[in-house]
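Only one structure is covered here, and it is reproduced in the block below.
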Amino acid sequence: MSQNLDQQVIFTVTLPDGTAKPFPAGSTGMDIALEIGRRLAREAVAIKIDGRAVNLSAPVTADCSIEIITFDSPEGKEIFWHSASHIMAHAIEELFPGSKFGAGPAIEQGFYYDVSSEHRFTEEDLKAIEERMLQIAGRDIRIVREEMPRVQAIEYFRTVREDPYKVEILTDTLKETETVSLYHEDGFTDLCSGPHLFSTAALKAVSLFNISASYWRGDQSRESMQRIYGIAFPSEKLLKAHLTALEEAKKRDHRKLGQELELFMLSPEIGSGLPVWLPKGAVIRQELESFLKEEQRRRGYHPVYTPHIGNINLYKRSGHYPYYSDSQFPPLTYHDEEGKAEQYLLKPMNCPHHHLIYSSKMRSYRDLPVRLAEFGTVYRHEQSGELNGLVRARGFTQDDSHIYCRPDQLVDEICNAIDLTRYVFATLGFTEVETRLSLHDPLNPAKYGGTADVWEQAEKDVKEAADRMKIKYFIGIGEASFYGPKIDFIVRDALGRKWQLGTVQVDYVMPERFDLTYIGSDGQKHRPIVIHRAPFGSMERFIGVLIEHTAGNFPLWLAPVQAIILPIAEDVHNYAAEIRDAMHAAGIRVELDLRNEKIGRKIREAELAKIPFMVIVGQKEKEGGTVSLRRHRIGDEGAFSIQEMTEKLLNEIATKGLTTKPTTNA
RNA sequence: GCUGAUGUAGCUCAGUCGGUAGAGCACUUCCUUGGUAAGGAAGAGGUCAUCGGUUCAAGUCCGAUCAUCAGCUCCA
């Protein structure tokens, strides 16, 4: 314990459980952790003093409440991984002298560091870097914080470290900061606000798993750097667990399951990013569409259909054209006999078509809201590197709707759209949905249409609706659409990557551009407001994420094959066919396995195909007029009469497997 | 689009130093008629992504193109 014999000032340190302990002035986080327990000191990553995370080497300077941060907490992981990124840079510098370092933060699953080097890093290099990192950890180097005036730090990085990137950060990003902090670990020093680990020794296991390109400061016009990704743990065991979890996640990948379960396919002969639905996948999509169509009918939507192409002028009028020009398929140009050219665009969005439907006739204030809905297929030429199975495609179908309403109806209508979206998510079992309030970026006005007033109003409306619906949201600046703010519903895939699914958007801009009107009670023309909304977002992406969410074990109502009849031997084939006919007649998607195989094999294959119910019949069942029912992943459920079994399945289909109906305001 | 990796039978993958193509599963036929996660045998199946180059000789080496994967940038 650090002591100052001259003046034994004692501070009271309060622990998270409420106990207060005296510590002499100058005691560090490490001293306190050691006092509480050896094990805690060993696992400690940093210390929180009065809510602020600092280094374990920081001394206590007043009465305070503290909390020891360990790797178990999200904060602890962040600090741990951030330190690991420094150790990686340290290792790279030792192995590849002359490397310069850009940014090296902790991320959700590990860390990365952007490195500029003459050397092209390979996977073999990663192994060498991993080894060197563990070696540096073995050296048990104290990680020391040093504060210095910014000007001095600039000089330091210019002359001692010769790192232009850190100099740029210091002269640019940190120009308002007077004093900055440096972290030293032996020969290596980085500019960093910290906090960091007490010593490199805490790092016990590391895995570097990826190298990719990134631009310095994410700016395509700046130099390209090599970004090295890794993850590190305070024990080998934790790393193993992490790698196992990754393996498991890969098994859920919708592209893998989509192929194994014959749901969809992609073919270069059709075109990249253009998924094709196979019969089994089409069943899922159709069931979901029916489900939403039914719900929309109940909520006063009107279905419409619009063509897959439209005159280019339509999109110029809507204002979509310039904003989407990067991601459009080139226009189709048609020359008539006089050589006059007309240009058509593959529909990149449905909105303009719906707006024309709205304005096809006079609308009274009494008619509003008008809700036009369509499963509209759109085409966007996304960058090749962006394509990803069903979740990022070039042709996809939005469950689109445009709601035209009066200002006094707007917030109610947003709420209704939110409610529908939530209902859809709850029914499909998505409980962990993040909601983002996507607002415009005032610093980048070129990205948006409409006036400042209109944006202020629209963002106020969206917030009001979100608050009224008691949504827990986070704010995404710059995430708005060009025509308005939106509420986005985001779900993660098996690998933890985020995908935006449902969306509700407010739009004051399109009504102006399309001169949309309704006649108010005063007999005058008024401007309606448009809500764009899509609960699924796109059928492709939604089903892609659903495949990963369920690992291909779809609820009965969505299962492409709901039951398979497995006769034990040929003498019951007729009986099995009778059951198949009865189930067919009841509307159950059933198959019959008449192959000359043993029952064990038939069951195995049905299990692998993730078919929810196996209906097993042999002599015993034929005599009793029963079936033996086996449930996927669960096992034998016993004997049922044919009627009982059919009703059991029909009931589960009707309730969508939910014991309680999701709540809704509608 | 950028950086890197990958592309061999329907699927999953071997293929050494450059010497002319291999397994398992699936498929077809035959045997087997069985009780809750793989019965047996035989057969068929390939322009080694495509195009070009080096070489006596290319699945293997080189280049380009296409596609896929990871990440970056961008979006439902």
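In what follows, chains carry the letters A, B, and so on, assigned in the order in which the sequence lines appear, proteins first and then strands, with residues in each chain numbered from 1.
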message = Counting the atoms with a prime plus P, OP1 and OP2 as sugar-phosphate, which does A:A606 contact under 4.0 Å by heavy atoms, base, sugar-phosphate, or nothing?
response = nothing
Spacing of A:M225 atom CE relative to B:G4 atom C1', expressed in whole Å = 16 Å
task = Salt-bridge test for A:R492 and A:E434: reply yes if a basic N is under 4.0 Å from a carboxylate O, no otherwise.
result = yes
message = Salt bridge check, A:K648 against A:E652: does any charged N sit closer than 4.0 Å to a carboxylate O?
response = no
Run the side-chain donor-acceptor check on residues 558-572 of chain A: report pairs under 3.5 Å with partners two or more places apart or on a different chain.
| from | atom 1 | to | atom 2 | distance (Å) |
| --- | --- | --- | --- | --- |
| A:Q562 | OE1 | A:R589 | N | 2.8 |
| A:Q562 | NE2 | A:L556 | O | 3.0 |
| A:D571 | OD2 | A:Q619 | NE2 | 3.0 |

inquiry  = Among B:A76, B:G35, B:G1, which nucleotide has an atom closest to any side-chain atom of A:Q383?
reply    = B:G1
key: B:A42 to B:G35 separation - P atoms, rounded to the nearest Å   = 25 Å
query = Rounded to whole angstroms, how far apart are CZ on A:F542 and C1' on B:A76?
reply = 12 Å
Extract from the structure each pairing of a protein N or O with an N or O of nucleotides 25-27 of chain B at less than 3.5 Å, listing the distance.
| from | atom 1 | to | atom 2 | distance (Å) |
| --- | --- | --- | --- | --- |
| B:A26 | OP1 | A:R601 | NH2 | 2.4 |

query = Of the nucleotides B:U33, B:C72, B:A76, which has the atom closest to the A:Q500 side chain?
reply = B:A76
task = Output the distance between atom CD1 (A:I403) and atom CG (A:N416), rounded to the nearest 0.5 Å.
result = 7.5 Å
key: Sugar-phosphate only, base, or nothing, as touched by A:L387 at under 4.0 Å among non-hydrogen atoms   = sugar-phosphate
Side-chain donor/acceptor contact of A:R394 with base of B:C75 under 3.5 Å = no
key: Structure string for RNA chain B in dot-bracket form, Watson-Crick and G-U at under 3.5 Å, | interchain   = (((((((..((((.....[..)))).(((((.......))))).....(((((..]....))))))))))))....
remark   = When A:F430, A:F291, A:F375 are each screened for ring pair (Phe, Tyr, Trp, His ring centres under 6.0 Å) with A:F542, the one that passes is A:F430
ask   = Less than 3.5 Å between a donor and an acceptor, one on the side chain of A:Q226 and one on the base of B:U3, is that the case here?
value = no
ask   = What is the distance, rounded to the nearest whole Å, between atom CZ of A:F536 and atom P of B:A76?
value = 18 Å
remark   = Atom CG of A:N388 and atom C1' of B:U68 are separated, to the nearest Å, by 11 Å
inquiry  = Regarding B:U3, can its base be found pairing with the side chain of A:S214 as donor and acceptor, where the two atoms are less than 3.5 Å apart?
reply    = no
ask   = Does a salt bridge link A:E607 with A:R604, judged by any charged N lying under 4.0 Å from a carboxylate O?
value = no
ask   = Is A:R380 side chain donor-acceptor paired with the B:C74 base, going by distance under 3.5 Å alone?
value = no
ask   = With a 3.5 Å cut-off and no angle check, do the side chains of A:N388 and A:R255 form a donor-acceptor pair?
value = yes
key: Distance in angstrom units between A:L390 CG and B:C75 C1', rounded   = 16 Å
inquiry  = Tell me the interatomic distance from A:L208, atom CG, to B:A5, atom C1', rounded to whole angstroms.
reply    = 16 Å
key: Any A:R255 side-chain N or O less than 4.0 Å from OP1/OP2 of B:U68   = no
query = So, is A:S212 near the phosphate of B:G4, with a side-chain N or O under 4.0 Å from OP1 or OP2?
reply = no
query = When you check the phosphate oxygens OP1 and OP2 of B:U12, does a side-chain N or O of A:Q259 lie under 4.0 Å from one of them?
reply = yes
ask   = Within the structure, does a side-chain N or O atom of A:K486 lie under 4.0 Å from either OP1 or OP2 of B:A76?
value = yes
ask   = Distance between the P atoms of B:C31 and B:G7, in whole angstroms?
value = 43 Å
Between B:A67 (P) and A:L274 (CG): distance, integer Å = 11 Å
task = Output yes when A:R252 and A:E248 qualify as a salt bridge under the 4.0 Å nitrogen-oxygen rule, no when they do not.
result = no
